[in-house]
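Numbers here are sequence positions counted from 1.
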Amino acid sequence: MARISAESEVVAQRMRDGMAGGVLSFPLTSFRDDGSFDLESYRAYVAAQLATAPGAVFPACGTGEFFSLDEDEYRAVVAATVEVADGRLPVVAGIGYGWAQALRFARIAEEAGADAALVLPHYLVQAPQDGLVEQVRRIAAGTRLPLVAYQRGQVAFTPDGLRRIADIPSVIGLKDGHSDLDRLQRLTLAAPDGFLFFNGAATAEIQARAYATVGVPAYSSAVHAFAPEIANAFFTALRDGDDASVHKLLRDFYVPLVELRDRVPGYAVSLVKAAARLRGLPVGPVRAPLTDPGPDDLADLTKVLDDGLSLVGAVRRPV
């Protein structure tokens, strides 16, 4: 991969190795009941996450409520993740908004010791391919961190756009949240050898088999944030071709979880955090504009979680 810098290739190879061996972890950010950031609880939570051997860790991204963090909190989140990871796996910090603000976050992430950055979709506006490419180019020009672009919502690259961002020496990959497999297949065919792709759909396991058919077997797992036992069991079954176990986990856990997730906007994060609290994990509530689930949805979530854990021989709160 001579197209990218030697430094970026080191990170890309570490991510490549990690993605082959485990799911990608997107940790929650811990808040107290009054909404303030709880650093020590976050540190303990991330340590528990990393003890379950994910392939890489992505702090302060969508699941981590990046959109609600100020710069000081963001710095603390990334620095704590780097400290807990201690070089064992890549730390890829979320950055976003417009390119100027994304660069502020990128420089904070650099100083905190992150290995790379995930460029979250820019704020609000639709943009042509030239603008999407220029956005990534400007961020890349202002940071030493290798970059993974994230296409979701208003960001969708064409094959030509993908080729152009892949020509930027620090851009090492693409996270896809559109689940348009026709488009994604065209992107993978347009990309240079070694370019990283991974499935970033909400509850990515639902579509993991479909993504693998177009050459994108790696995926992020929101379930890992609260039930790594389930996430790792699914990953192992999928990797090993254990179709019966994959089918059972999808039918009896993932589909009911998605049906519950789809009830209320924002539940893709709120339910994950509520499930983590049900496990006794120190993550606290979500911040506005998200809302925590009410009693009826929480009762349904408890059943879905217990059913999923029973499938892999685990319990919600080990004695």
Indicate every side-chain donor-acceptor pair of residues 268-278 with a distance under 3.5 Å to a residue at least two apart or in another chain.
unit_1	atom_1	unit_2	atom_2	d
Ser270	OG	Gly266	O	3.2
Ser270	OG	Thr291	O	2.8
Lys273	NZ	Thr29	O	2.6
Lys273	NZ	Glu65	OE2	2.7
Lys273	NZ	Pro285	O	2.9
Arg277	NH1	Gly284	O	2.8
Arg277	NH1	Asp292	OD1	3.4
Arg277	NH2	Asp292	OD1	3.3

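- Contact annotation: the side chain of Leu89 approaches that of Pro54 to within less than 4.5 Å [non-hydrogen atoms, C-beta and beyond].
- For Arg279 and Glu229, the salt-bridge test passes: some basic side-chain N is under 4.0 Å from an acidic carboxylate O.
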Kindly determine whether Arg316 and Leu305 satisfy side chain to side chain contact (heavy atoms under 4.5 Å, CB included), including the steps that lead there. CA-CA 8 Å; Arg316 183 161 23 109; Leu305 177 58; 3.8 Å; yes
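- Taking the centre and axis of the six-membered ring of Phe31, the NZ or CZ atom of Arg287 falls inside the cone set by 45° and 6.0 Å.
- Ring centers of Phe66 and Phe105: under 6.0 Å apart, within the cut-off.
- For Asp240, the CG atom is densely surrounded, since the number of other residues' heavy atoms within 6.0 Å is greater than 12.
- Residues Tyr150 and Phe157 place their aromatic rings such that the two centres sit no closer than 6.0 Å.
- Taking a 6.0 Å sphere around CG of Asp160, one finds it holds more than 12 heavy atoms contributed by other residues, nucleotides or ligands.
- Taking the centre of each ring, Phe26 and Phe58 come in below the 6.0 Å mark.
- Side chains of Val148 and Val119 form no contact here, defined as non-hydrogen atoms less than 4.5 Å apart.
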Give the C-alpha distance, both sets of side-chain angles, the deciding distance and a yes or no for salt bridge (charged side-chain N to carboxylate O under 4.0 Å, His left out) between Glu110 and Arg107. CA-CA 5 Å; Glu110 279 186 34; Arg107 288 163 183 160; 5.9 Å; no
